[in-house]
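So you know, we letter chains A, B, ... as the sequences are listed, proteins then strands, and number each from 1.
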Amino acid sequence: SAVISQKPSRDICQRGTSLTIQCQVDSQVTMMFWYRQQPGQSLTLIATANQGSEATYESGFVIDKFPISRPNLTFSTLTVSNMSPEDSSIYLCSAAGDPAYNEQFFGPGTRLTVL
Amino acid sequence: AQSVTQLGSHVSVSEGALVLLRCNYSSSVPPYLFWYVQYPNQGLQLLLKYTSAATLVKGINGFEAEFKKSETSFHLTKPSAHMSDAAEYFCAVNQAGTALIFGKGTTLSVSS
């Protein structure tokens with residue numbers, strides 16, 4: 001299994017600012033993902049973070065709003081840019097190791113409130 | 001494209017009663033199916049997963065799920081509910097090496 005940590009765990013931000021969320025995995029993983037969980041809702045995939053190349057975004061999410069970096073096999077960042085109250089959500093980092101085991105592990109999440 | 005549908009956004013049971021949370025999937029290829037649990041203000045925890053080895057899958061905390069291809073279902077059950085089972089439960093699907101796609105979730109309430 002993989003243990004995933006995220007920083008910050010929560011934050012309150014002002015409209016129009018940006019926040020970068022860090023995700024650290026305790027072992028090298030094949031794939032990393034970012035999800036959003038809006039209040040009372042399920043998890044929606046934002047993008048797949050690709051090591052050494054541009055992230056792959058899902059429909060409805062764009063790089064200008066959610067730039068993602070993945071410089072190595074254990075670390076990724078998600079930036080929420082030009083925030084509005086609608087961005088208030090929990091953002092979760094996820095990682096998958098060997099595809100043969102097909103297990104996906106989740107970080108504790110970052111609870112973001114935008115005023 | 002793959003998707004899952006969880007029937008019932010809220011299920012209420014009495015302590016000691018059977019828990020049944022429903023999940024139906026849609027997939028053009030053999031799916032991998034998962035159930036996750038999320039306790040209030042906590043992260044996601046894997047309950048169990050189906051990866052084609054056996055149709056009846058046993059997970060943690062006494063939960064199990066049965067894969068029924070003919071019904072495209074993967075319902076989660078537990079014979080006897082405990083108060084500590086109260087949480088949000090998510091069904092998810094993927095193909096190996098791809099991101100999980102989640103259902104909308106079912107809130108389980110357990111009363112004494």
Part of residues 62-91 of chain B lying next to chain A, heavy-atom separation under 4.5 Å
B:Phe90
Among the clusters formed by ILVMFWY side chains lying less than 4.5 Å apart, do A:Tyr57 and A:Met31 turn up in the same one?
no
Spell out, yes or no, whether A:Trp34 and A:Ile4 are grouped together once hydrophobic residues are joined by side-chain heavy atoms under 4.5 Å, including indirect joins.
no
With heavy-atom distances below 4.5 Å as the criterion, would you say the side chains of B:Leu44 and A:Tyr35 are in contact?
no
Part of B:Asn41 lying under 4.5 Å from any heavy atom of chain A
both
Interface residue of largest heavy-atom contact number with chain A, from B:Ala99, B:Ala92, B:Gly105, under 4.5 Å:
B:Ala99
Check whether B:Val57 and B:Val4 end up in the same hydrophobic cluster, where Ile, Leu, Val, Met, Phe, Trp and Tyr are linked by side-chain heavy atoms less than 4.5 Å apart.
yes
Please list, chain by chain and in numerical order, all residues satisfying side-chain hydrogen bond (donor to acceptor under 3.5 Å, both in side chains) with B:Gln6, sequence neighbours excluded.
B:Thr106
Which answer fits A:Leu45, side chain, backbone, both or neither, if we ask what part of it has an atom under 4.5 Å from a heavy atom of chain B?
side chain
Using a 6.0 Å cut-off, check whether atom NZ of A:Lys65 has over 12 heavy atoms from anything other than its own residue.
yes
Same apolar cluster (I L V M F W Y, side chains within < 4.5 Å links), B:Leu48/B:Tyr25
yes
Where does B:Leu46 contact chain A at under 4.5 Å (heavy atoms): side chain, backbone, both or neither?
side chain
Do B:Tyr39 and B:Leu47 sit in the same hydrophobic cluster, where Ile, Leu, Val, Met, Phe, Trp and Tyr count as joined when their side-chain heavy atoms come under 4.5 Å apart?
yes
Side-chain (B:Tyr32) to main-chain (A:Glu103) donor-acceptor, under 3.5 angstrom:
no
Distance in Å, B:Gln38 CD paired with A:Phe106 CZ, rounded so as to fall on 0.5 Å steps:
10.0 Å
Distance col, row B:Ile101:CD1 vs A:Ser42:OG, nearest 0.5 angstrom, shows 10.0 Å
Could you tell me which non-hydrogen atom of B:Thr98 sits nearest to which non-hydrogen atom of A:Gln104, and how far apart they are?
O-OE1, 3.9 Å
State, with a plain yes or no, whether a side-chain heavy atom of B:Phe102 is found less than 4.5 Å away from one of A:Gln37.
no
